[in-house]
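One structure is given below, encoded as structure tokens.
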Protein chains: 2
Amino acid sequence: MNKTETLEPLLTALCGAPPPSQLAGHLAALAQEVRVSRGGSAPLDHRRDLFVYIAQGSTKLVASASAGREQIVAFHFAGDIVSVPAHSLHSYSLNALEPTHLLIFPASEMHAAIAGNPAVLTGLLQRVLTALHRCRDKAVGLGRKNAGERVASFLVGMAERIGHAEGGEITLDLPMSRRDIADSLGLTIETVSRQFSEMRSAGWLRTQGRAHVRLLQPATLAAHAGHVELRSP
Amino acid sequence: MNKTETLEPLLTALCGAPPPSQLAGHLAALAQEVRVSRGGSAPLDHRRDLFVYIAQGSTKLVASASAGREQIVAFHFAGDIVSVPAHSLHSYSLNALEPTHLLIFPASEMHAAIAGNPAVLTGLLQRVLTALHRCRDKAVGLGRKNAGERVASFLVGMAERIGHAEGGEITLDLPMSRRDIADSLGLTIETVSRQFSEMRSAGWLRTQGRAHVRLLQPATLAAHAGHVELRSP
DNA sequence: CGTGCCGTTGAAGGTTCTCAACCGTGGTGG
DNA sequence: CCACCACGGTTGAGAACCTTCAACGGCACG
């Protein structure tokens, strides 16, 4: 599969229609195509703003504060677009959770390339807005929720993105480790593990091996996620 | 001052050039112009995605989790653009920190209006990206920093946005209360107050009344903000 | 079959929260 | 003019939640 073909789903998703082949070719010329193995980190040029398209696989965007403390800012799955700024208060890296296929674009050149196509530009804006809103929700969780609520939020959120509904239950295959979950929720692995244990014994979920999770009571879980209640007064 | 005139600085900032007057007129027709007094909240229609332009004053974007817990997601000052999604996991409101002048746009119609002007569209994208990157930095702070580092980060960040350099010192007039700071940093007002006291006695800053802060040692403060160190190995 | 990593569970400790009292300021009304 | 009150900020003591430190179990891989 060549770069242009890899790009097609991206463009289709962005503008909601089959893309003009000229644009696809133009973008393909800009893109650096990279395959990253599980645990590897994407070769990012931190001197310039970037967009990264996740063609296949899944990634985590990791920020490092001082003293080696790490915070996972977001998880991404196939089809997602990630924005990585040139330099920031914290140093960012993009790591693969499984064998992953990426297209890396310099932001300024991508802007120029799609400037003539408002539909694509608007689509990109929409993606960035979604990322912003997810990040805000994460900030609420990190600032104002306890460990149980954070883990419940995480599971509910992942269920929406990569879960498979089966009757009233949802099954999940989590590509990330407990450490990743902890680093994403601002907790320690031990606390995450304890929360999983409590939820297991409460009958809210069942786990199989490291990755497989079955949410037995998604509604209960959602109710304990600390989201604003859709009240019936 | 009419709406079109209020819009001009926005458009100039977005595309880096004097705006075509036709576009300004078109956008002005979309905008709902609102003045909000100190402490008041903007009349947002939560049924649709919105952009809000802060023409004058300053605001806080507040998210409510369940049980009345509030997290301030961002502060905004004159010239900023805020994106407010239709509905989210948490309920958002935009509150004025001082008498504030706003222009409220329905997102979809704004998209349509500026679709023909790639420079403006790209400028808007740039603003949203900046917001995303700030939100990520906030997430790092909320997830992985202690109280002292959070307050130091806050002061350093505010100094960049609304501070006045005077020799090696920086003076600030904070429009937000201690409660707002606490709600922004995921702490309690008591903890914020204690951190201010410690920094005062350490000689890092001096306060006058509620709002006025003078950073005596901005570099020391920045060093204690827990950002990644720019090391010389 | 040994090794190493990841996940789980337990006990002790620390940072922040909660509850409470006090202080200073600004506005109001007698 | 001053007393009073309301509100925001400061300071202190105890409690709660999460972290830290430690040990153990299990699965994958060489």
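Protein chains get the first letters and strands the later ones, always in sequence-line order, with residue 1 at the start of each. Remember, predicted model here, so these are calculated numbers, not experimental data.
Atom pair A:Ile181:CD1 and C:dT8:C1' shows a separation of 14 Å (rounding to whole Å applied). Computed from coordinates, the B:Leu185 CG to C:dT16 P distance equals 12 Å when rounded to whole Å. Remark: C1' of D:dC18 and CD1 of A:Ile189 are 14 Å apart, rounded to the nearest angstrom. Between the NZ atom of A:Lys145 and the C1' atom of D:dC18 there is a distance of 18 Å, rounded to whole Å. The separation between B:Asp180 atom CG and D:dG8 atom C1' is 12 Å, rounded to whole Å. A:Arg38 places its CZ atom 13 Å from the C1' atom of D:dC29, with the value rounded to the nearest Å. Whole-Å rounding puts the B:Gln208 CD to C:dG24 P distance at 17 Å. When the P atom of D:dC17 is taken as reference, atom CZ of B:Arg69 falls 12 Å away, rounded to whole Å.
Using a 3.5 Å distance cut-off with no hydrogens or angles, the side chains of A:Asn95 and A:Ser93 do pair a donor with an acceptor. Between A:Arg200 and A:Thr207, the side chains place a donor N or O and an acceptor N or O closer than 3.5 Å (distance only, hydrogens not considered). At a cut-off of 3.5 Å, with distance as the only test, a side-chain donor of A:His133 or B:Ser83 sits close to an acceptor on the other residue. Side chain to side chain, A:His101 and A:Glu33 meet the donor-acceptor criterion of an N or O pair below 3.5 Å.
Taking side-chain N and O atoms only, B:Arg200 has a distance below 4.0 Å to OP1 or OP2 of D:dT10. In this structure, A:Thr188 reaches the D:dT19 phosphate: one of its side-chain N or O atoms is under 4.0 Å from OP1 or OP2. For C:dT8, one of the phosphate oxygens OP1 or OP2 lies less than 4.0 angstrom from a side-chain nitrogen or oxygen of A:Arg178. Residue A:Thr191 has a polar side-chain atom (N or O) positioned under 4.0 Å from OP1 or OP2 of D:dT19.
The closest donor-acceptor contact from the side chain of A:Ser58 to the backbone of A:Leu97 lies at 3.5 Å or more, if one exists at all.
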Using a cutoff of under 3.5 Å, can you pull out all pairs of nitrogen or oxygen atoms linking the protein to nucleotides 21-26 of chain D, with atom names and distances?
from: D:dC21; atom 1: N4; to: A:Glu190; atom 2: OE2; distance (Å): 3.2

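Mapping A:Phe196 and B:Ala147 onto DNA chain C by nearest heavy atom places A:Phe196 closer to the 5' end of the strand. Annotation: of the two residues near DNA chain D, A:Asn146 and B:Met176, the 5′-most nearest-nucleotide partner is B:Met176.
For the helix from C:dC1-D:dG30 to C:dG30-D:dC1, the angle separating the two terminal helix axes comes to 30°, with each axis derived from five pairs and the value rounded to 10°.
Legend: residues meeting side chain to side chain donor-acceptor pair (under 3.5 Å) with B:His76, ordered by chain and number and at least two apart, are B:Thr59. Applying the side chain to side chain donor-acceptor pair (under 3.5 Å) rule to A:Glu149 yields the partners B:Arg69; only residues at least two apart in sequence or on another chain are considered. Residues passing the side chain to side chain donor-acceptor pair (under 3.5 Å) test with B:Arg38, sequence neighbours excluded: none.
Counting only residues at least two apart or on different chains, the salt bridge (charged side-chain N to carboxylate O under 4.0 Å, His left out) pairs with a member in residues 128-145 of chain B are A:Asp183-B:Arg144.
A:Gly186 comes within 4.0 angstrom of the backbone, heavy atoms only, and of no base. As judged by a 4.0 angstrom heavy-atom cut-off over every strand, A:Ser177 is placed among residues touching the sugar-phosphate backbone only. Among the heavy atoms of the strands, none lies under 4.0 Å from A:Gly39.
Applying the 6.0 Å contact sphere to CD of A:Gln208 captures no more than 12 heavy atoms from other residues, nucleotides or ligands.
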